[in-house]
Amino acid sequence: MVLEHEPSGRLVRVANALQFWRDLSTPRAVRLRLALESLGPIFVKFGQVLSTRRDLMPMDIADELAKLQDRVPPFASDLALAEIEKAYGRPASQVFAEFDPTPIASASIAQVHFAKLHAEDGGHEVAVKVLRPNMLSVIEHDLALMDNLAMLLEKLWADGKRLKPREVVAEFAKYLRDELDLMREAANASQLRRNFTDSTLLIVPEIYWDFCTSTVMVMERMKGTPISQTDKLRADGINLSKLSAAGVEIFFTQVFRDGFFHADMHPGNIFVAPDGRYIALDFGIVGTLTDSDKNYLAQNFLAFFRRDYKRVAEAHIESGWAPKDTRVDEFEAAIRAVCEPIFDRPLKDISFGKVLLRLFQTSRRFNVEIQPQLVMLQKTLLNIEGLGRQLDPELDLWTTAKPFLERWMSEQIGWRGLIRSFKQEAPYLARTLPQLPRLVHQALAQPARADLQPQIDRLIAAQHQQNRWLAIIALLLALLVGALVY
């Protein structure tokens, strides 16, 4: 496929001649999908991500790779039944009142069967996820291959060290190994469900813990339409524009409110309920962000949406992503040149392939380092943008996301953030503040010693901090009293 971009076409003919023994009559997209399937689960996941980027891939390849999302060849039903019996110590016919041996969906790591619990267990309709047998050895082999390729990139490519490919592979390996433990996936689903309790945007299935093991997971059966079936969604009266905007809000809520997000949001893992809410499935890979990560990202997103490219440049330098000696004005001008052309345009008119290429060239020029801890977030952003493109090409991503980020930033650094921080610190302050005057007095009453001076300075600083907190409390009480009086 790479050689096809050579204008004369001679390289393609030479390459085909050198591979005369191969049957090339099968369409190239089919050959690529089959190759990824034969290479293993990691490469299948890579194909899943590519299938959502129709602006980067030819249509025939994107359509074929989309089959990897929920049509990976299943493993034999007798193997699934054997795994269930191994997990529970009894056959599936005794564990479930009903069990369909034909899988309803098959992915790179596991496959799903429908079943029904016995009446004494609630009689619920459930989905039973069964891990593929002997997956650990396959995963370790593929990860070793990726690590060797990353090592070669670091040694042979000029940008290798800056992009940290081995750290990126290590980060991906951690998430992938986690995905092999279905108890961990069940815990991820439970956390996400709790985060979106009573949500009007997202449904997460209930986990039936009594039936979960490291190789088998049982959850509530969800009924909806795959998000990729846009024609059926329209026929069912679903507003696709509203749905695409809700997807953006769900993503930013997970990232900035919770710091805990579904990191495998390709179309095969997203359904739409009859009432128009999203249904999330497959929780093997989730991402987490620290408060520092969230604040940094929010500042960048918000500055970006406001076209404040100077603040974007400053944030990169302050965080250490770009070298300290980077000239802000030059970095600002480079970012503006890449980003300005894409504002106020719907997704259908933006070539993100070209944007990403220019951003890469800019980052290389200014020695910007890739942050491995954010790889899952970057991958999820690709999935979200791909979903948005399929649902509503007219979606204005910037207009949809900006109000949410402004509200979140206000809650973090405005008066709401101050009250929230005070509530979090109140138990500690209540325990330590009464002790500070006594500790300061004891320290000052002792003979002066050089080695005690740092401690005295810290105590005095703590006393000043106490005074500031008391002033803030007094101000808040005054405001509260004023509100009650008037």
Side-chain angles (χ1 to χ4, degrees), residues 112 117 121-127 129 183-212 217-227 233 236-267 269-289 291 294 297-298 377 380 383-384 387-388 391-392 395 400-412 414-417 419-421 423-424:
V112 178
L117 298 179
D121 295 320
H124 304 289
E125 291 185 330
V126 296
K129 187 170 185 176
M183 285 293 287
R184 186 182 291 268
E185 177 175 348
N188 293 338
S190 182
Q191 177 68 55
L192 193 63
R193 178 181 171 86
R194 185 161 58 251
N195 290 348
F196 282 86
T197 301
D198 300 324
S199 171
T200 60
L201 300 176
L202 179 67
I203 305 173
V204 179
E206 181 181 357
I207 300 297
Y208 297 104
W209 285 106
D210 291 342
F211 299 91
C212 292
M217 183 177 77
V218 178
M219 67 189 120
E220 176 186 3
R221 177 178 173 178
M222 307 304 294
K223 297 180 180 180
T225 303
I227 200 167
L233 291 175
D236 292 340
I238 301 296
N239 186 324
L240 296 190
S241 297
K242 184 178 179 180
L243 188 66
S244 62
V248 174
E249 183 173 348
I250 289 170
F251 170 72
F252 281 101
T253 300
Q254 291 181 72
V255 171
F256 293 108
R257 187 194 69 184
D258 305 326
F260 183 91
F261 60 94
H262 192 307
D264 200 16
M265 295 184 68
H266 63 76
N269 289 339
I270 305 295
F271 279 48
V272 180
D275 62 2
R277 286 186 291 173
Y278 280 79
I279 299 173
L281 301 171
D282 195 347
F283 310 93
I285 300 181
V286 298
T288 57
L289 296 172
D291 288 341
K294 288 192 292 183
L297 288 169
L377 179 63
T380 305
N383 290 146
I384 292 296
L387 282 173
L391 291 173
D392 181 17
L395 174 69
T400 304
K402 183 180 175 182
F404 178 88
L405 282 174
E406 288 178 333
R407 184 171 66 251
W408 185 85
M409 287 295 289
S410 173
E411 292 172 353
Q412 295 301 305
W415 65 270
R416 295 185 185 90
I419 294 177
R420 181 176 54 81
S421 298
K423 287 180 179 179
Q424 292 175 346

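One-based numbering along the sequence shown.
Here the closest non-hydrogen pair linking I238 and G276 is CD1-CA, 3.8 Å. Taking each heavy atom of E206 and R193 in turn, the nearest pair found is N-NH1, 3.5 Å. Considering every non-hydrogen atom in both I203 and A273, the closest pair reads CD1-CB, 3.9 Å. Closest non-hydrogen pair, S241 versus D392, comes out as OG-OD2, 3.3 Å. Between L281 and P205, the closest heavy-atom pair is CD2-CG, 4.3 Å. Shortest non-hydrogen contact noted between I227 and L233 is O-CD1, 3.8 Å.
Remark: D210 pairs with no residue by the salt bridge (charged side-chain N to carboxylate O under 4.0 Å, His left out) rule, at least two apart or across chains. Evaluation of the salt bridge (charged side-chain N to carboxylate O under 4.0 Å, His left out) rule for R221 yields no partner, not counting sequence neighbours.
Within the 4.5 Å cutoff, side-chain heavy atoms of M265 are placed close to those of Q254. Taking 4.5 Å as the limit, some side-chain heavy atom of L117 sits within range of a side-chain heavy atom of F211. L201 has its side chain out of reach of F196: every pair of non-hydrogen atoms, C-beta onward, lies at least 4.5 Å apart. At least one side-chain heavy atom of F283 sits under 4.5 Å from a side-chain heavy atom of V204. Contact annotation: the side chain of L243 approaches that of Y278 to within less than 4.5 Å [non-hydrogen atoms, C-beta and beyond]. For the pair S244 and L387, the minimum side-chain heavy-atom distance is 4.5 Å or more.
In this structure, the separation between CG on L192 and CG on L202 is 6.0 Å, given to the nearest 0.5 Å. The distance from atom CD1 of I270 to atom CG of L391, rounded to the nearest 0.5 Å, is 10.5 Å. Interatomic distance, CH2 of W209 versus CE of M217, reported as 9.0 Å (0.5 Å rounding). A distance of 10.0 Å separates CD1 in I207 from CE in M183, rounded to the nearest 0.5 Å. With rounding to the nearest 0.5 Å, the separation of CG in D275 from CG in D236 is 12.0 Å.
Distance alone, capped at 3.5 Å, places no donor-acceptor pair between the D258 side chain and the F260 backbone. Between the side chain of H262 and the backbone N or O of A189 there is no donor-acceptor pair closer than 3.5 Å.
Under the 30°/60° scheme for interplanar angles, the aromatic rings of F251 and F261 are found to stand perpendicular.
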- Can E220 and H124 be said to form a side chain to side chain contact (heavy atoms under 4.5 Å, CB included), step by step? CA-CA 7 Å; E220 176 186 3; H124 304 289; over 6 Å; no
